[in-house]
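These notes concern the structure reproduced below.
Values below: all heavy atoms of this structure, side chains included; hydrogens, waters and symmetry mates excluded.
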Amino acid sequence: MMRDGWQANDAVCSGGTSGIGWSGSGGQETGVGSDVEQAIESDSGDAGINYFYSLIDDEYVPSGIGTSPWSRDAQNGIALAGLAAHVLESMPGGEGMHPARLQIDILGKVPMVPLRPEVRVVRPGRRIQMLELELQAEGRARAKASLLRVRKTHTPDVSVPCTVDFPESERPLEPSPHSDGYRLQGNLHRPGPGMRWLRMLVDVVEGHSATMFERAAMSADFGTGTASLLSRKEWSLANIDISLHLTRLPRDEWLLLDASSESAGNGVGLANLRLGDREGMIGWGHQTIFVDTLRGVQ
């Protein structure tokens with residue numbers, strides 16, 4: 001659904017994360033689990049479902065597989081990033097334009113209910129376009145996103161080669177509910193930089209094969225999971241936004257994630273994610289991390 005503008009939501013959210021709810025300083029996420037698998041509802045439907053949403057009556061209805069690892073009744077950031085990319089990419093006027101930047105702000109816990117999109121064109125044009133999206137549920141704005149489109153034309157190629165080659169030899173895949181891949185460096189539970197090749201296995205919307213832009217957007221939510229900032233046994237690390245900058249779209253379903261995290265020790269962290277495909281590096285993803293102590297940890 002599209003309109004010229006929207007009324008700002010005056011409600012103050014208690015927090016915002018990548019599909020995660022938090023209760024403020026010293027608080028704790030609800031329904032904390034060790035991984036995404038534990039968060040998926042046992043009654044969420046057919047185990048063979050391979051899409052996050054169905055489009056019904058202008059609303060995107062969650063299938064149930066995009067459950068947050070932190071709260072069983074919340075949507076995760078992978079699904080929300082994919083949905084933002086899907087809605088904005090499908091807006092008319094994008095012919096000959098490149099989706100150069102996607103910014104997503106999640107305005108608190110996003111419940112597992114249908115989402116209604118509201119889109120407006122902030123800046124129309126043949127050279128630069130700006131679109132804004134608001135995802136609403138139960139009368140409230142739950143997430144906002146913006147897409148910057150830039151006209152495509154021939155200029156010198158100053159691309160960057162892959163920071164690491166795709167593993168050609170047979171080796172075990174690292175499966176997860178929504179993806180598989182090869183982890184080359186780092187560990188979810190060990191702080192430090194990380195690197196992996198990732199392939200998304202689900203579509204964003206039923207009946208629509210995931211586009212390359214949607215794949216890149218979903219992958220941008222993997223920064224904190226690829227390069228852990230601190231020990232997850234002591235610290236809660238919830239990313240509260242997702243941003244993606246692309247020099248070009250991926251040309252392959254396999255994406256390289258080369259990530260690092262940092263913090264000044266002030267309760268705020270940053271995950272930086274370099275993205276590439278088998279032909280070279282294609283952009284950056286960033287996440288702001290809300291750092292808090294886990295309940296019961298002194």
Side-chain angles (χ1 to χ4, degrees), residues 1-6 51-61 66 77-106 115-136 141-159 199-200 202-222 241-255 273-277 279-286:
M1 180 177 295
M2 185 173 177
R3 57 177 174 172
D4 293 334
W6 58 67
Y51 53 85
F52 287 126
Y53 301 95
S54 296
L55 179 59
I56 302 175
D57 296 331
D58 295 326
E59 292 186 326
Y60 289 93
V61 180
I78 302 170
L80 293 168
L83 182 58
H86 174 84
V87 173
L88 290 168
E89 184 181 30
S90 65
M91 293 300 297
E95 299 80 9
M97 308 292 287
H98 168 67
R101 187 194 71 206
L102 176 67
Q103 174 68 41
I104 304 167
D105 292 295
I106 303 175
L115 296 171
R116 179 175 292 273
E118 298 284 351
V119 182
R120 68 182 182 123
V121 178
V122 178
R123 176 178 178 176
R126 292 182 297 176
R127 294 165 58 86
I128 299 174
Q129 299 174 2
M130 172 71 76
L131 309 178
E132 287 187 351
L133 164 69
E134 186 174 285
L135 294 173
Q136 301 178 350
R142 303 293 180 167
K144 292 187 177 183
S146 66
L147 174 63
L148 178 67
R149 289 171 169 170
V150 179
R151 64 90 182 92
K152 292 187 289 188
T153 189
H154 179 72
T155 56
D157 186 340
V158 195
S159 55
R199 175 176 60 180
M200 297 302 302
V202 298
D203 295 327
V204 178
V205 178
E206 180 183 14
H208 299 267
S209 297
T211 67
M212 290 300 173
F213 183 51
E214 292 169 11
R215 289 179 178 275
M218 290 188 284
S219 299
D221 189 51
F222 281 78
D241 65 1
I242 304 167
S243 65
L244 174 67
H245 291 76
L246 293 172
T247 58
R248 64 169 173 83
L249 289 174
R251 296 171 182 156
D252 192 336
E253 64 180 2
W254 282 101
L255 286 176
L273 179 68
R274 193 75 191 268
L275 285 93
D277 59 19
E279 296 185 29
M281 307 309 288
I282 64 172
W284 287 87
H286 303 282

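- The minimum heavy-atom distance between L133 and A84, with the atom names listed, is CD2-CA, 3.7 Å.
- You'll find the side chain of L80 reaches within 4.5 Å of the side chain of I106, heavy atoms only.
- Taking 4.5 Å as the limit, some side-chain heavy atom of L255 sits within range of a side-chain heavy atom of I282.
- Atoms CG and CD, from D105 and E134 in turn, are 11.5 Å apart once rounded to the nearest 0.5 Å.
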Point to revise | Chi angles and distances behind the side-chain contact (heavy atoms from CB on, under 4.5 Å) call for Q129, M91 | key: CA-CA 11 Å; Q129 299 174 2; M91 293 300 297; over 6 Å; no
Check your understanding: Going through the distances and angles, do L115 and Y53 end up as a side-chain contact (heavy atoms from CB on, under 4.5 Å)?
Key -> CA-CA 9 Å; L115 296 171; Y53 301 95; 4.2 Å; yes
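- In this structure, A217 and A81 approach most closely via the heavy-atom pair O-CB, 3.5 Å.
- Nearest heavy atom pair, residue L275 against residue W284, reads CD1-C, 3.8 Å.
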Exercise for review: Could you go through the side-chain contact (heavy atoms from CB on, under 4.5 Å) check for H208 and D203 one step at a time?
Suggested key: CA-CA 7 Å; H208 299 267; D203 295 327; over 6 Å; no
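- Counting all heavy atoms, side chain and backbone alike, M97 lies closest to R126 at SD-O, 3.6 Å.
- Across every non-hydrogen atom of S219 and L273, the tightest pair is O-CD2, 3.5 Å.
- No side-chain heavy atom of S243 sits less than 4.5 Å from a side-chain heavy atom of R101.
- Taking CZ from R215 and CD from E253, the interatomic distance works out to 5.5 Å, rounded to the nearest 0.5 Å.
- Nearest heavy atoms, M200 versus I78: CE-CG2, 3.8 Å.
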Exercise for review: Give the C-alpha distance, both sets of side-chain angles, the deciding distance and a yes or no for side-chain contact (heavy atoms from CB on, under 4.5 Å) between V205 and Y60.
Suggested key: CA-CA 8 Å; V205 178; Y60 289 93; 3.8 Å; yes
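- Atom CG of residue L148 and atom NE2 of residue H98 lie 9.0 Å apart, to the nearest 0.5 angstrom.
- You'll find the side chain of K152 stays beyond 4.5 Å of the side chain of R248, heavy atoms only.
- From L102, atom CG reaches atom CG of L131 across 10.5 Å, with rounding to the nearest 0.5 Å.
- Put simply, the side chain of F52 does not reach to within 4.5 Å of the side chain of L83, judged on heavy atoms.
- In this structure, I128 CD1 and R123 CZ are separated by 4.0 Å, a value rounded to the nearest 0.5 Å.
- If you take CD on Q103 and CD1 on I242, they are separated by 9.0 Å, rounding to the nearest 0.5 Å.
- Between D252 and E279 the shortest side-chain heavy-atom distance does not fall below 4.5 Å.
- Taking 4.5 Å as the limit, some side-chain heavy atom of V122 sits within range of a side-chain heavy atom of R120.
- Proximity of L147 to F213: side-chain heavy atoms (C-beta onward) are separated by under 4.5 Å at one or more points.
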